[in-house]
Protein chains: 2
Amino acid sequence: MTDFYSINSKFYLAVDCIIFGFSEGELKVLLIKRNLEPAFGDWSLVGGFLKQDETLDQAAKRILFNLTGLDHVFMEQLHSFSQIDRDPGERVISVAYYALMKTSDYDKKLVTKHNAHWIKLEEIPKLIFDHNEILETALMKLRRKSGTQPIGFELLPKEFTLPQLQELYEAIFQKKFDKRNFRKKILTAGFLKNLEIKDKSNSRKGAYLYKFDSKKYNALVKKGYNFSV
Amino acid sequence: MTDFYSINSKFYLAVDCIIFGFSEGELKVLLIKRNLEPAFGDWSLVGGFLKQDETLDQAAKRILFNLTGLDHVFMEQLHSFSQIDRDPGERVISVAYYALMKTSDYDKKLVTKHNAHWIKLEEIPKLIFDHNEILETALMKLRRKSGTQPIGFELLPKEFTLPQLQELYEAIFQKKFDKRNFRKKILTAGFLKNLEIKDKSNSRKGAYLYKFDSKKYNALVKKGYNFSV
DNA sequence: CCAAAAGTGTTCAGCTTACACCCATGA
DNA sequence: TCATGGGTGTAAGCTGAACACTTTTGG
């Protein structure tokens, strides 16, 4: 029985995570400056190896949790990378995941311990192996997906203002939107709830805080609605 | 050096292919009725194991070529499936690929030898392992992607008629389109070339043959065009 | 001459885009 | 009172959806 399998090769499986965040009006990625071999001192994505008793999804969750202390983060499988020499040490297949998180609530001690840093998209350094390519793939996916599904909200705090939301979409798509049109589209869609509280941290006048109402959104989707910016 | 890696586990990596075709107005999938162990007699996707000296893309190409004798088929990585017991014999991670091909030009001897059959979407049998789930994922991807990129043309012969094209999109999206609106949208897009030849195999009047002009299409895409039905 | 499929235009509604000024407030 | 960011409406153009009849031709 096992013979059928054992004529085949086995491979190391890495899980690498592209962790996106948004703060100070900028899209950022959580990157590691490695403090262990191999490639000591080089920059890389957050990653680890798949274990026998876990699925890829579980491995990705474990890796994210170990670094940030966060559970229940938006996370999705991206693509598997298998260039033969992508890791010069050994043949390793990497399954990439991307995550969207709120930069406010993660465990800073853990992140410091792993020597991880939030790096702006425009300031991404050379990463080890094919990690720059993986990151590029993730970014394309984020753009494509943000255009049709409201995943952007995963990057904002639970309560956010419309100017913040617009800033986020402008960071994702790298272009400016018209304030009035943007608000109109978002608000007429009907899945944002105005909390009637003003956030004055950014202006004297203050901007209303809103909350994403996923129940209303899901009801819309069932009726055939498709979010797009 | 190798120590760093060797504390980790290795895994079998399968590559499973969902091969879509279109004929007689129906979307079909090429499935294998297994004539070898394990699971003799059961239905499955086309698949194989990754080898040491090839990438996943190469493995997928090899598997497709061995079955159909075709090279240069549209093919894309879909997703990796890693449920621990998905294959009850051994732990196997499966990387799925989907392919779109013209059902006209494949090597029928090879296909017969592997006991493969074109099965209509509505008549998919119970498949081994999680292959039904994989197929379902592929179908969703095909629908999503056909909505924004002209991949449907991969399923038609090089020269095709507009009624054929419409039939294809109706099969993919499982709904009828208005003939006039469909033609208008496709033709005004400008990447179809009328060959001024009529195909009379389907009607006395005959329908004009068209060709997909990928140069024109790529030029459009560069200008920001986005295909959608 | 007729059955069967191919081909063809117009109208209306809703959506997207472009565009400029007033509002509220703390310092 | 003023500087700063937040908030608001309307008109024009474009796109998507609905809808029915004529054309061609082999048998």
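Here is the naming used below: chain letters follow the sequence lines, and residue numbers restart at 1 for every chain.
When every heavy atom of A:K185 is checked against every heavy atom of A:V229, the shortest pair comes out as NZ-C, 3.1 Å.
Atom CG in A:D199 sits roughly 15 Å away from atom C1' in D:dG7 (whole-Å rounding). If you take CG of B:L209 and P of C:dG7, they are 10 Å apart, rounded to a whole angstrom. Put simply, CG on B:D178 is 10 Å from P on D:dA20, counting in whole angstrom units. In this structure, CZ of A:R204 is placed 13 Å from C1' of D:dG6, rounded to the nearest angstrom. Atoms CD (A:Q166) and P (D:dG7) sit 11 Å apart, rounded to a whole Å. Atom-to-atom, OH of B:Y208 to P of D:dT23 comes out at 14 Å; the value is rounded to the nearest Å. Going from atom CG of B:L195 over to atom C1' of C:dA6 covers 17 Å, rounded to whole Å. What separates CZ of A:F182 from C1' of D:dT8 is a distance of 16 Å, to the nearest Å.
Of the candidate nucleotides C:dA27, D:dT25, C:dG7, C:dG7 has the atom nearest to the side chain of B:A207. Nearest nucleotide to the B:K184 side chain, out of C:dT17, D:dC19, C:dT10: C:dT10. Side-chain atoms of B:P163 lie closest to C:dA6 of the nucleotides D:dG16, D:dG6, C:dA6. Nearest nucleotide to the B:S203 side chain, out of C:dA5, C:dC19, D:dG7: C:dA5.
Residue B:K179 has no polar side-chain atom (N or O) positioned under 4.0 Å from OP1 or OP2 of C:dT8. Distances shown here put a side-chain N or O of B:R183 below 4.0 Å from the OP1 or OP2 atom of C:dG7.
Looking at which nucleotide of DNA chain D each of B:K185 and A:K198 is closest to, the 5′-most match is held by A:K198. Both B:N202 and B:L187 lie close to DNA chain C; mapped to their nearest nucleotides by heavy-atom distance, the more 5′-ward contact belongs to B:N202. Between B:N181 and A:K205, the residue anchored nearer the 5' end of DNA chain C, judged by the nucleotide with its closest heavy atom, is B:N181.
Here the side chain of A:D107 pairs a donor or acceptor atom with the backbone of A:L110 at under 3.5 angstrom.
With ring centers used as reference points, B:F177 lies 6.0 Å or more from B:Y169. Taking the six-membered ring where the residue is Trp, the centroids of B:H131 and B:W43 are separated by 6.0 Å or more.
Using a 4.5 Å heavy-atom threshold, the side chains of A:Q149 and A:F227 count as separate.
Put simply, the side chain of B:R180 and the base of D:dA17 share no donor and acceptor less than 3.5 Å apart.
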